[in-house]
Amino acid sequence: PGSAGAGGTSHGYNPMVSQPPQQQQQQEQHSGAGMNSSAGGRVDGNRMNQSSSNDPPLKLFKEHAVETLARRMMKTFQAIERHTTQSVEDRLCEQLLLEERASKLTYVAEALAKERDMIDDCIHKYESKTLELEGWLEKHREIDKDINADLDGVFI
């Protein structure tokens with residue numbers, strides 16, 4: 001118990017406290033740490049359970065931390081991907097809606113332009129007919145006076 005600070009053996013499972021290099025090398029030699037790493041540096045759950053008694057605590061802690069962070073990152077990336085996908089789908093739906101509205105507005109604008117042109121044509125026709133009738137009335141003003149006089153006499 002008195003040599004706890006000198007040898008570093010009473011730390012228990014605290015990977016944050018570094019072990020002296022000699023003890024680390026001895027534990028790695030006894031546990032065969034060089035041969036226990038899996039492909040790509042990932043440790044699956046079965047391997048971690050099997051070798052937990054053989055691997056040094058610092059190595060186990062690091063492996064577990066890496067796995068936990070990798071899972072968190074994957075969940076975060078999946079959430080971001082879902083959010084981005086939903087956002088893109090929403091924007092595409094909005095785009096389709098706007099395209100439909102644009103085509104309807106184009107159709108209405110074209111219909112209004114045709115109607116305006118028809119109204120302009122009618123106005124020009126009525127204007128020319130009005131001018132023609134005014135000219136005819138000027139020419140026949142005296143006949144009009146006679147007709148008014150006769151009509152007045154008819155209704156009296």
**Student:** Side chains of L96 and E99: does their closest heavy-atom pair fall under 4.5 Å?
**Tutor:**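 Heavy-atom side-chain distance check passes, below 4.5 Å.
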**Student:** Please report the interatomic distance SG(C93) to CG(L98), rounded to the nearest 0.5 Å.
**Tutor:**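 Going from the SG atom of C93 to the CG atom of L98 covers 11.0 Å.
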**Student:** For the OG1 atom of T84 and the CZ atom of F77, what is their distance to the nearest 0.5 Å?
**Tutor:**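 Separation between the atoms: 11.5 Å.
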**Student:** State the CG-CG distance between L112 and L105, to the nearest 0.5 angstrom.
**Tutor:** 10.5 Å
**Student:** Within a 6.0 Å radius of atom CD on E115, are there more than 12 heavy atoms belonging to other residues, nucleotides or ligands?
**Tutor:** no
**Student:** How long is the gap from CG on L69 to NE2 on H64, to the nearest 0.5 Å?
**Tutor:** 9.5 Å
**Student:** Just verifying a value: how many Å separate D90 CG and H83 NE2, rounded to the nearest 0.5 Å?
**Tutor:**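 Output value for this atom pair is 9.0 Å.
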**Student:** Within the side chain of T106, is there an N or O that forms a donor-acceptor pair under 3.5 Å with the backbone of A102?
**Tutor:**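 Yes, because the side chain of T106 sits within donor-acceptor range (under 3.5 Å) of the backbone of A102.
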**Student:** If you define the side chain from C-beta out and look only at heavy atoms, does anything of E138 sit under 4.5 Å from E134?
**Tutor:**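 In short, these two side chains do not touch, never coming nearer than 4.5 Å.
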**Student:** Between T76 and R72, do the side chains contain an N or O donor and an N or O acceptor separated by less than 3.5 Å?
**Tutor:**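 No, because no side-chain N or O of T76 sits under 3.5 Å from a partner of the opposite role on R72.
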**Student:** Among E89, Q95, E94, which one satisfies side-chain contact (heavy atoms from CB on, under 4.5 Å) with R91?
**Tutor:**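 Among E89, Q95, E94, the one meeting side-chain contact (heavy atoms from CB on, under 4.5 Å) with R91 is E94.
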